[in-house]
Structure formats: C-alpha cells, structure tokens
Amino acid sequence: MVRFFRVDERLLHGQVAVTWVSQIAPTSILIANDEIMENEIAKMAIKMVKPNGINLAIRSISGAVELLKDKRTEKLQIFVIVKTVQDALRLVNQVDGITHINIGGIRKKEGSRLIGAAVYVNDDDMETIRQLTQKVGSVEFQMVPADRPKAAESLM
Amino acid sequence: MKTHIILASHGSLAEGMVTAVRMVIRDLSDNILALGLDQWETPQLIRAKVETLMKEHPQDQFIILCDIKGGSVANELMTLCIRSRVTLITGMNLAMVISLVLGSQNGADCGKERVAEILEEVAAGICCYDASDFRQSDQEGDGELW
C-alpha cells in the first residue's frame with residue numbers, strides 16, 4: 001500500500017531521504033517519472049541516495065501504476081515520489097488508496113509565483129492541485145517533517 | 001535518558017560539521033556541542049570543557065565524536081571513556097553525526113548496540129564511484145519494491 005505520497009521536483013535527495021524516510025519508515029521507495037527512464041546518470045544518483053535496507057524501484061508513470069496494482073505491493077509500506085503535481089494527478093487518477101499528498105518542492109518555471117519555501121506554482125499547477133484536493137482530500141505543503149504543514153486548501 | 005553529543009576535532013571541523021548537520025536537521029536541539037582546536041586551543045582545554053559538562057549532568061549519556069583515531073584530541077578524550085554512560089567514536093563524518101542525533105533524540109537510548117549498527121551503516125556509505133559504475137548500474141535494472 002502507499003504509505004506516503006510526495007511531490008518533489010528533486011525526487012529523492014539527501015535531506016528528504018534522511019528526514020522523511022526516518023519519519024515514514026517505508027519498506028520500499030517508488031520513484032515514478034517518465035524522463036528519468038532515459039537518464040542513467042539521474043537514476044544512478046537516486047540509487048546512491050537510497051537508504052540501506054529499503055527497496056527502491058524507479059519506473060515511468062505507467063510502469064508505476066502497473067507496479068502499484070500488483071498484489072505483491074499490498075503488504076508493503078511504499079513511499080511514492082513524483083516530480084510534479086501533474087504526474088501526481090496522473091497517478092492518483094489510475095491508482096486507488098492514496099489518501100494524502102505531500103508537496104515538498106515545485107520548480108520555478110515561466111509564469112510561476114512563489115507561494116512557500118521552494119514551492120512555485122503557475123496557473124496550471126494551481127488547477128492541478130485543486131483537482132488533487134478534490135480527488136484525494138488531503139493535500140499539504142511540507143518540505144521536511146519538522147516544518148508545519150500547510151493545507152493546499154488555504155491557498156484556493 | 002538525555003544524550004549529549006560532543007564533536008571534538010582539529011581546526012574547526014567540529015564547528016563546520018554542526019553547520020552541515022543543521023542543513024539536514026533544521027530543528028537541531030542544543031544537545032550538540034562543537035569543540036574544535038581553533039577555538040579551544042588545546043586538547044586539555046577541550047577535555048576540561050567536556051568534564052565540566054559531565055559534572056553538570058551526571059545522569060546523562062555522552063557520545064563524543066572525534067575526527068581521527070590516534071589524533072591528540074581523541075587520545076586526550078579517550079580517558080573519559082572510563083566513566084559510565086560515555087561512548088567515544090573516532091572518524092566522525094556527516095552521516096554518522098546525523099544518525100546519532102536522530103538515534104538519540106527525545107530520550108531514546110542510543111547504547112552500544114545501536115551505535116554499532118549505525119557505524120556499520122555509515123561505513124557502508126563510504127563509497128568510491130567512477131565511470132565504470134555507471135555502466136554497471138545499467139545492467140542492474142530499475143529495482144524492485146519487494
């Protein structure tokens with residue numbers, strides 16, 4: 001089952017790996033991203049950050065959907081990480097049982113404005129977050145566990 | 001049981017280490033103390049500072065991390081190990097300090113067994129990479145969740 005679902009434009013990186021993994025204590029980490037599938041160096045970087053004793057799988061979004069539908073994942077505690085809220089919505093629309101979305105960092109891009117530490121949203125992001133909130137219910141901005149979470153609804 | 005983490009080193013390695021730990025653990029408590037020779041001048045003065053702290057907190061646990069085995073700072077502080085609830089570790093690195101801080105937070109007992117586990121994990125994190133590893137990773141595939 002999906003124990004924790006996070007949006008982070010840096011996917012799995014030092015600070016997140018240590019603090020969130022320590023907090024969540026997952027059995028497995030699933031990185032779901034299309035672009036990374038063609039990028040061996042980026043995959044390598046993620047494999048390097050993987051904490052000991054935790055299984056790591058890197059898949060495209062559709063590969064991740066397939067994996068999450070596999071009965072063997074039922075007994076696992078999976079920490080899913082995607083890069084963008086758009087990818088989050090794609091996944092959430094195809095997989096059941098995701099009850100909370102944590103948003104860590106969203107990259108600055110054209111037309112985006114800063115709404116919190118390391119979180120830049122443009123109109124498309126806002127609309128996507130709105131749909132995520134409708135679909136999942138609980139959507140929060142929280143970079144690291146020590147930060148106070150901020151409900152996405154407060155920005156709508 | 002409350003644990004004090006003491007970092008002792010040549011130069012300002014200890015103070016520098018704390019700045020690095022703070023980047024990862026934002027709400028770092030005050031139980032971590034950095035004693036580098038740049039600021040503290042001699043191993044004896046560092047030892048005196050640690051002893052004062054131990055006198056002030058006789059029931060607490062102390063984990064002392066030194067930069068290098070056989071160095072004057074480690075040698076001087078080694079004698080404090082004779083006391084109960086004192087552990088001294090040499091070869092401190094960031095992964096080690098982070099794990100020990102997290103492992104001893106909120107009164108958790110970070111005893112010898114847990115320390116040994118942490119040191120094993122930390123040692124596994126000392127790796128060397130070059131181009132040949134990228135080619136190998138290709139063959140390893142994209143991992144499994146189970």
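In the text below, chain A, chain B and the rest are named by the order of the sequence lines, each starting its count at 1.
Distance check, rounded to the nearest 0.5 Å: CD1 of A/Ile31 to CG of B/Asp142 gives 11.5 Å. Once rounded to the nearest 0.5 Å, the distance linking CG of B/Leu145 with CG of A/Leu67 reads 4.5 Å.
The cluster map of Ile, Leu, Val, Met, Phe, Trp and Tyr, joined by side-chain heavy atoms under 4.5 Å apart, puts B/Ile118 and B/Leu94 in the same cluster. Hydrophobic cluster membership is shared by B/Leu88 and B/Leu53, with clusters built from Ile, Leu, Val, Met, Phe, Trp and Tyr side chains linked at under 4.5 angstrom. Grouping the Ile, Leu, Val, Met, Phe, Trp and Tyr side chains by contacts below 4.5 angstrom, directly or via other members, places A/Phe79 with A/Ile54.
Of the two parts of B/Leu102, only the side chain, counted from C-beta on, holds a non-hydrogen atom closer than 4.5 Å to a non-hydrogen atom of chain A.
Side chains of A/Thr27 and B/Trp146 form no contact here, defined as non-hydrogen atoms less than 4.5 Å apart. Between A/Leu56 and B/Glu144, the closest side-chain pair of non-hydrogen atoms is not below 4.5 Å.
Contact between B/Gly143 and A/Ala57 at its shortest, heavy atoms only, is O-CB, 3.8 Å.
Around atom CD of B/Glu56, more than 12 heavy atoms belonging to other residues, nucleotides or ligands sit under 6.0 Å away. For A/Lys109, the NZ atom is densely surrounded, since the number of other residues' heavy atoms within 6.0 Å is greater than 12.
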